[in-house]
Amino acid sequence: MVDYISGLNDPQREAVMHGSGPLMIIAGAGSGKTRVLTYRIAHLIDNGVDPFRILSLTFTNKAAGEMRHRIEKVVGTEARNIWMGTFHSVFAKILRIEAKAIGYTSNFSIYDSDDSKSLLRSIIKEMALDDKVYRVNSVFSRISGAKNRLIGPDDYLNNSVILADDESARMPHIGKIYQQYALRCFAANAMDFDDLLFNTNVLFRDHLDILNKYQHKFQYVMVDEFQDTNVSQYLITRKLAAVHQNICIVGDDAQSIYAFRGANIENILNFQRDYGKENVKIVKLEENYRSTNTIVQAANSIIARNKNQLEKHVFTSNEEGPLIDVIKASSDNEEGRLVASAIFEAKMNESLVNNDFAILYRTNAQSRAFEEALRKVSLKYRIIGGLSFYQRKEIKDLIAYLRFTVNQQDEEAFKRIINLPKRGIGDTTVAKISVIAAEKQDSVWEIVADITKHVAGRASFAIEGFATLIKSFKLLLDQKDAFEVASHIAKTSGLLKELYDDKTVEGLARYENVQELLNAIKEFVDNPDNEDKSLSAFLQSVSLLTTADEKEDDGDNDRITLMTIHSAKGLEFKNVHIVGLEEDLFPSQMMLESRNDLEEERRLFYVAITRAEKRLTISYAETRYHYGRLKMCEPSRFLMEIDQKYMKVSKQRSAPSRIDFDRPERDRSESTSTGSMAFVRSLAQKTAQRQTPQQAAAHTPSPDFAPTSTATLASGQRVEHAKFGFGTVKNVEVNGTERKATIQFEQVGEKVLLLSFAKLRVV
DNA sequence: TATCCAGGCTTTTTT
DNA sequence: AGCCTGGATA
């Protein structure tokens, strides 16, 4: 037996050895949480608990895979039998087994957010609502938010608070849309991501026999990243653990970064209440084994500014380590170059490999500059997230074929493939079919399968061909495994041929992507862990892959990792670059406008910092492209929030000091060795010329604009704005963190400008 | 029905 | 800048 106890510290050992009863582990960043969780499960199995009776919920499937692997090393192949995965994948599996109880069949489709939004778009159109008012994204997030709080369509329509809310947002019909959306999903035998959790709750609520079965089955329930669970997830775990009460949650409130998705920090507090304060064993893991003292203390100095948090003192006995480097760049591209060369140097000086580096940013769109710069110095990199493999058009197309073959009620898949490849079936024909389907109260497929009965004319031939094609695919389902069916469909549908005929570089890439998908299906079929090798089983697993789950290239695996901070959760790297530390970008202006949760942004920064083991570098740019326009940027307030004694300013750049943050430099072009400021200036001029005729006519600005702040403005001051021209400052207002100026412009009259946005110059 | 072009809009994060 | 939509055209 492997001795996994002796290497642990006291609280870690306590958590591992804790037997039955509720256990809450508050695990600071880098405190060996995964280790505790794996050893705890291994310890249970060693003590005779049947792996089949352990349920362990993780944040990504990859995390589940790794944990399983580590447990296997301790207890052997038994570990394969543990129920382990994300909430979504585990409960999709259970719903597949129990589908009939809630009126679904086990081959139900899973709608990804594109499918959901496309369905919402149709509904909004059908209800003759203005899609400028009912923006799909906001409707979707309202519905998603409701589902995550277990509010069904009927509850929604009966909830006066919500209705009043919608009313004031001038979208009073969201409830109706929600109702229609739910009906259509059900009719399509489809569930969206939120439904997987919502319907699990419904299943357990309405079918006590089924609930009972799983309550007794799962003797031990473990939930990782508990701070990021929402109410819907919380209730599932609470119900499942109600019989044995052996629930162990692991989390860190300081790393809660998914409140926008309905995650609820209060779950941690509810936990004690639900199981009784005296029954809950609490273990705090506060020693950080990952990072240098500098990094740990800097992170602490950031998170200390949040009011909402549990008491915790993260410390480390690691070495002090180098100070945090701050790099100021003149533009986003310059930032890319500086980061690339910093990595290049660090690789040499510290003899590191690419895998030791990560570049973390707030938004996926920021990756571009780093990709270009890294490519230029021939550093290999990989991007996690962004447009993922499974979101590519060609992949979604083939998957839509597969989905429709498995489930002909799948409306979104149908819409996608009915005229793909082009077979002369246009929107009008499709609309006609749905009208007939609605009249006859049939599914679209019933009409399509028997088209000659309903429609005569040219299009009906094409549709007949489509129906025959799908029918022939259906016949294969019971006889062949997922791979055989899928490759047959790829060939016979004409999709593969169409891509093969496309000889452009992109066409070739798309063809290869489809081959890659077929390979993935082959792997799925060949994997002994998968008992069910049907196409339906593959589709369910594939819809729930996380961006972090994506397969890595087999060949050259030593790569610098580029990703958003959100995707970096749970990972660690020797050297970390946090980039784009500009006000409005990080903290994100969107977040502050929509939810005004600066604390969550700060936790996000905390997560980013604590990914680093040895060296942390933070950078920002003074100008950045935004919707193809050059935008002036101010350094983020987060830079000032770090205890300055842990920071130093990179030698290559002119020093950003406390003072610099409040006062724009007049002339910085000399300090940039590449002369990039001149380049930026010329671009600024070009950009100005590219504006709409009206704007250009209004004012062609002088090029030399600087970030503006309160320190540079006083009432009576003359200013020039990039768009509005010359004006006089009337009033400057500082309200908390928001800084506004009222300016009387000569050409356009009075304007109130948010300073961080203003392209202002004092004249 | 398919294709081309102009104009408008976008970006917060993810299961 | 890139993507999507809608209208005009082939």
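Chain identifiers are assigned alphabetically (A, B, ...) following the order of the sequence lines, protein sequences preceding nucleic acid strands; residue numbering begins at 1 within each chain. As a basis for the values below, the full set of heavy atoms in this structure was taken, side chains included, without hydrogen atoms, waters or symmetry mates.
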A.B. asks: Is Thr564(A) close enough to dT14(B) that one of its side-chain N or O atoms is under 4.0 Å from OP1 or OP2 there?
C.D. replies: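 Answer is yes, contact under 4.0 Å.
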A.B. asks: Has Asn364(A) got a side-chain N or O lying under 4.0 Å from the OP1 or OP2 atom of dT14(B)?
C.D. replies: yes
A.B. asks: Between dT10(B) and Asn137(A), is there an OP1 or OP2 to side-chain N/O distance shorter than 4.0 Å?
C.D. replies: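 Indeed not, no polar side-chain atom of Asn137(A) lies that close.
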A.B. asks: Looking at dT14(B), I'd like to know if its phosphate oxygens (OP1 or OP2) sit under 4.0 Å from a side-chain N or O belonging to Ser567(A).
C.D. replies: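 So the side-chain polar atoms of Ser567(A) do come within 4.0 Å of the phosphate oxygens OP1 or OP2 of dT14(B), strictly under.
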A.B. asks: Less than 3.5 Å between a donor and an acceptor, one on the side chain of Arg362(A) and one on the base of dT13(B), is that the case here?
C.D. replies: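 Indeed, a donor on one side and an acceptor on the other fall under 3.5 Å apart.
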A.B. asks: What is the distance from NZ of Lys117(A) to C1' of dC4(C), rounded to the nearest Å?
C.D. replies: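 Rounded to whole Å, this separation is 14 Å.
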A.B. asks: Which part of the nucleic acid does Phe586(A) contact within heavy-atom distance under 4.0 Å: base, sugar-phosphate only, or nothing?
C.D. replies: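 No contact.
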A.B. asks: May I ask whether Tyr627(A) stacks on the base of dT10(B), given the cut-offs of 5.5 Å between ring centres and 30° between planes?
C.D. replies: yes
A.B. asks: Is a side-chain donor or acceptor of Asp332(A) paired with a backbone partner of Tyr625(A) at a separation under 3.5 angstrom?
C.D. replies: yes
A.B. asks: How many Å lie between CG on Leu197(A) and P on dT14(B), as a whole number?
C.D. replies: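 The answer, rounded to whole Å, is 18 Å.
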A.B. asks: For Arg403(A) and Asp410(A), indicate whether the former's side chain and the latter's backbone hold a donor-acceptor pair under 3.5 Å.
C.D. replies: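 Checking the backbone N and O of Asp410(A) against the side chain of Arg403(A), no donor-acceptor pair under 3.5 Å is found.
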A.B. asks: Check Asp192(A) with Lys147(A), please: is the shortest side-chain N to carboxylate O separation under 4.0 Å?
C.D. replies: yes
A.B. asks: To the nearest angstrom, how far is Asn333(A) atom CG from dA1(C) atom P?
C.D. replies: 13 Å
A.B. asks: For the pair made of CD in Gln589(A) and C1' in dT11(B), what is the distance, rounded to whole Å?
C.D. replies: 11 Å
A.B. asks: Taking only Lys NZ, Arg NE, NH1 and NH2, and the carboxylate oxygens of Asp or Glu, determine whether Arg368(A) and Glu371(A) approach each other closer than 4.0 Å.
C.D. replies: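 No, this pair does not count.
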A.B. asks: Quickly work out the Lys125(A) NZ to dG6(C) P distance and round it to whole Å.
C.D. replies: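 Whole-Å distance recorded here is 6 Å.
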A.B. asks: Taking any heavy-atom pair under 4.0 Å as a contact, classify Asp228(A): base, sugar-phosphate, or nothing.
C.D. replies: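 Nothing, no heavy atom under 4.0 Å.
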A.B. asks: Rounding to a whole Å, what distance do you find between His626(A):NE2 and dT10(B):C1'?
C.D. replies: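 Distance, rounded to whole Å: 9 Å.
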A.B. asks: Looking only at the aromatic ring of each residue, does the gap between the centers of Tyr258(A) and Phe59(A) stay below 6.0 angstrom?
C.D. replies: yes
A.B. asks: Kindly confirm whether the side-chain ring of Tyr258(A) is stacked on the base of dT14(B), judged by centres under 5.5 Å and planes under 30°.
C.D. replies: no
A.B. asks: Remember a base hit wins even if backbone is also touched, and classify Arg135(A) as base, sugar-phosphate or nothing at under 4.0 Å, heavy atoms.
C.D. replies: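 Sugar-phosphate, backbone atoms only, no base.
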A.B. asks: Could you state the CD-C1' distance from Gln366(A) to dT11(B), rounded to the nearest angstrom?
C.D. replies: 10 Å
A.B. asks: Just how far, in rounded Å, is P of dT13(B) from CZ of Arg603(A)?
C.D. replies: 18 Å
